[in-house]
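What follows is a short report on a single structure.
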Amino acid sequence: MRGSDYPPDCIDRRIINALQEGFPLSSQPYAEVAAELDLSEGELIERLARLRNSGTITRFGPFFDAAAMGGAFCLCAMNVPADRFEAVTELVNAHSEVAHNYERAHQLNMWFVLATETPEGIEAAACGIEQETGLEVLRFPKLEEFFIGFRMVA
Amino acid sequence: MNLDGTDRRIVEATQSGLPLVPHPYAEIAAQLILEESEVIERLAAMQARGVVRRIGVAPNHYALGMTSNGMTVWEVKDDVASNLGAEVGQLDFVSHCYLRPRALPLWPYNLFAMVHGSDQTEVEVKRQAILSLLGPACLGSDTLYSTRILKKTGLRLARKGAASSAEKARGEG
């Protein structure tokens with residue numbers, strides 16, 4: 001896992017907390033945020049670059065809603081036999097629609113998110129994975145989302 | 001698809017991140033041969049329509065010492081699930097919270113809340129807080145710990161006429 005070599009200090013944590021959402025849509029947005037955090041614009045930019053390069057943040061920028069763009073997300077789960085786990089992982093991950101994939105300690109031991117540009121794309125990808133693996137893909141599309149923040153002790 | 005061609009180009013230019021320069025929107029505008037004001041106005045309009053959910057950071061919980069991530073799942077009575085879900089979603093330690101369909105008989109859980117902690121003990125303490133909040137509306141629950149990240153990229157809008165760029169960048173955590 002990238003990033004463990006760079007422990008974020010308390011200023012980094014304040015930056016991460018402050019930038020969960022609401023980054024300004026203005027000509028000099030970093031300067032605005034920096035002023036709120038009592039930092040210089042240059043220091044904020046430098047720290048964000050370091051956080052991003054070290055992998056402490058995976059991304060900084062706009063997050064787009066796939067559904068609003070006409071696409072779709074769907075959480076899926078599979079019960080993969082232990083002796084086939086690596087082979088099935090390869091088959092699943094080979095699909096570019098698979099955005100994240102986690103192994104979890106449960107009978108349903110593989111959990112992944114499909115992200116596609118059209119709602120039909122979800123079914124196509126899930127059916128494709130079922131055919132390739134011979135295993136059922138349970139679909140858990142979101143019915144409602146409660147967003148969402150993540151705050152740390154700074 | 002309610003994006004016109006210019007919106008789409010802005011999505012493509014920003015989906016892997018904003019430039020870390022004093023005038024980030026001007027830099028994107030220069031790449032796309034647009035005015036800075038148009039980039040800002042279009043992003044604001046997309047935010048108002050919900051196409052842009054937020055502009056901010058995606059923390060890597062592992063790098064921040066949150067090495068234990070538990071997907072807590074709850075079977076909540078349907079008539080109160082939406083209201084209670086909103087309350088769970090407001091807890092500081094919950095990064096994602098969703099209502100989803102059940103998959104009976106194997107999967108009776110309809111509320112999913114991702115909880116991060118420095119270890120499983122901390123996740124368990126936070127899980128108890130959710131349990132208290134749900135009270136008698138909760139009919140059952142489980143916690144699924146991730147044991148391995150098998151893949152992490154993110155949604156990438158494929159460039160028209162080109163292969164998907166999904167493998168090129170990491171995305172929402």
Side-chain angles (χ1 to χ4, degrees), chain A residues 1-4 8 16 19-23 25-31 41 45 48-49 52 54-66 68-71 75 89 93 96 98-106 108 112 115 117 138 140-148 150-152, chain B residues 1-3 11 14-15 17-18 20 22-24 26 36 40 43-44 49-60 62-64 71 82 85-86 88-89 92 95-101 103 107 116 144-155 157-158 164 166-167 170-173:
Chain A
M1 181 56 56
R2 293 170 58 172
S4 53
I16 292 169
L19 286 184
Q20 293 285 310
E21 57 186 326
F23 188 68
L25 283 164
S26 63
S27 186
Q28 284 191 264
Y30 296 105
E41 180 188 49
I45 289 176
L48 278 170
R52 193 154 79 175
S54 70
T56 308
I57 58 178
T58 54
R59 197 153 80 75
F60 169 69
F63 287 84
F64 296 97
D65 184 278
M69 295 191 297
L75 177 67
T89 299
N93 286 357
S96 63
V98 175
H100 316 149
N101 189 2
Y102 287 84
E103 180 183 36
R104 293 189 180 278
H106 189 271
L108 293 173
F112 55 91
E117 288 201 56
L138 294 178
F140 297 103
K142 74 176 177 194
L143 302 176
E144 207 171 328
E145 174 171 353
F146 308 103
F147 193 73
I148 290 172
F150 176 74
R151 301 287 186 278
M152 290 171 295
Chain B
M1 180 77 73
N2 57 15
L3 295 181
V11 172
T14 59
Q15 63 189 347
L18 282 179
L20 293 170
H23 296 273
E36 178 191 42
I40 290 174
L43 280 168
R49 300 207 304 274
V51 174
V52 173
R53 293 164 54 211
R54 64 187 178 103
I55 305 175
V57 297
N60 175 347
Y62 289 86
L64 293 166
M71 186 172 76
S82 184
V88 171
D92 272 356
S95 67
H96 300 71
C97 186
Y98 301 97
L99 273 187
R100 302 185 185 278
W107 191 260
H116 300 271
L144 280 67
Y145 289 99
S146 68
T147 44
R148 201 157 31 128
I149 298 176
L150 304 171
K151 183 175 183 181
K152 187 164 187 176
T153 52
L155 172 70
L157 201 57
S164 166
E167 304 307 323
R170 293 167 296 157
E172 174 85 273

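Quantities reported herein were computed from a predicted structural model and do not represent experimental measurements. Below, read A as the first sequence line, B as the second, and so on, with proteins coming before strands; counting in each chain starts at 1.
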Item to complete: Would you indicate whether the side-chain heavy atoms of A/Glu145 and B/Arg53 approach each other to under 4.5 Å?
Response: yes
Worksheet item: How many angstroms lie between atom CG of B/Leu150 and atom CG of A/Asn101, to the nearest 0.5 angstrom?
Response: 4.5 Å
Item to complete: Of all the heavy-atom pairs spanning B/Ala58 and A/Phe63, show the shortest one and how long it is.
Response: CB-CZ, 3.5 Å
Practice prompt. Sequence neighbours left out, what passes side chain to side chain contact (heavy atoms under 4.5 Å, CB included) with B/Ile40? Give chain and number order.
Written response: A/Leu25, B/Tyr25, B/Glu36
Discussion item. What I want to find out is whether B/Arg148 reaches A/Glu103 closely enough, with some N-O distance under 4.0 Å, to be called a salt bridge.
Written reply: yes
Worksheet item: So how far is it from A/Arg59 CZ to B/Asn60 CG, rounded to the nearest 0.5 Å?
Response: 14.0 Å
Item to complete: Let me know if A/Thr89 has heavy atoms under 4.5 Å from chain B in its side chain, its backbone, both or neither.
Response: side chain
Discussion item. Is the shortest side-chain heavy-atom distance between A/Phe64 and B/Val51 below 4.5 Å?
Written reply: yes
Discussion item. Testing the basics here: between B/Pro59 and A/Gln20, what is the closest heavy-atom pair and its distance to 0.1 Å?
Written reply: CG-NE2, 4.1 Å
Discussion item. Please classify the contact of B/Ala86 with chain A as side chain, backbone, both or neither, using a heavy-atom distance under 4.5 Å.
Written reply: both
Worksheet item: Which distance, rounded to the nearest 0.5 Å, do you find between the CG of A/Leu75 and the CE of B/Met71?
Response: 6.0 Å
Worksheet item: What are the two closest non-hydrogen atoms of B/Leu64 and A/Pro8, and how far apart are they?
Response: CD2-CG, 3.4 Å
Worksheet item: Taking all atoms of both residues into account, what is the closest heavy-atom pair of B/Ser82 and A/Phe146, and its distance?
Response: O-CE2, 3.3 Å
Fill in: Verdict with supporting geometry, B/Leu144 and A/Tyr102, side-chain contact (heavy atoms from CB on, under 4.5 Å)
CA-CA 11 Å; B/Leu144 280 67; A/Tyr102 287 84; over 6 Å; no
Practice prompt. Against chain B, label A/Ala105 side chain, backbone, both or neither, depending on which of its atoms sit under 4.5 Å from a heavy atom there.
Written response: both
Worksheet, complete the sentence: Hits for ring pair (Phe, Tyr, Trp, His ring centres under 6.0 Å) against A/His106, two or more places apart or cross-chain, chain-then-number order -> B/Trp107
Practice prompt. State, yes or no, whether a side-chain contact exists between B/Val57 and A/Phe23 at a heavy-atom distance under 4.5 Å.
Written response: no
Response to the item:
In terms of heavy-atom pairs under 4.5 Å with chain B, the winner among A/Gln28, A/Arg104, A/Glu144 is A/Arg104
Practice prompt. Starting at CZ of B/Arg54, measure out to CG of A/Asp65 and round the result to the nearest 0.5 Å.
Written response: 12.0 Å
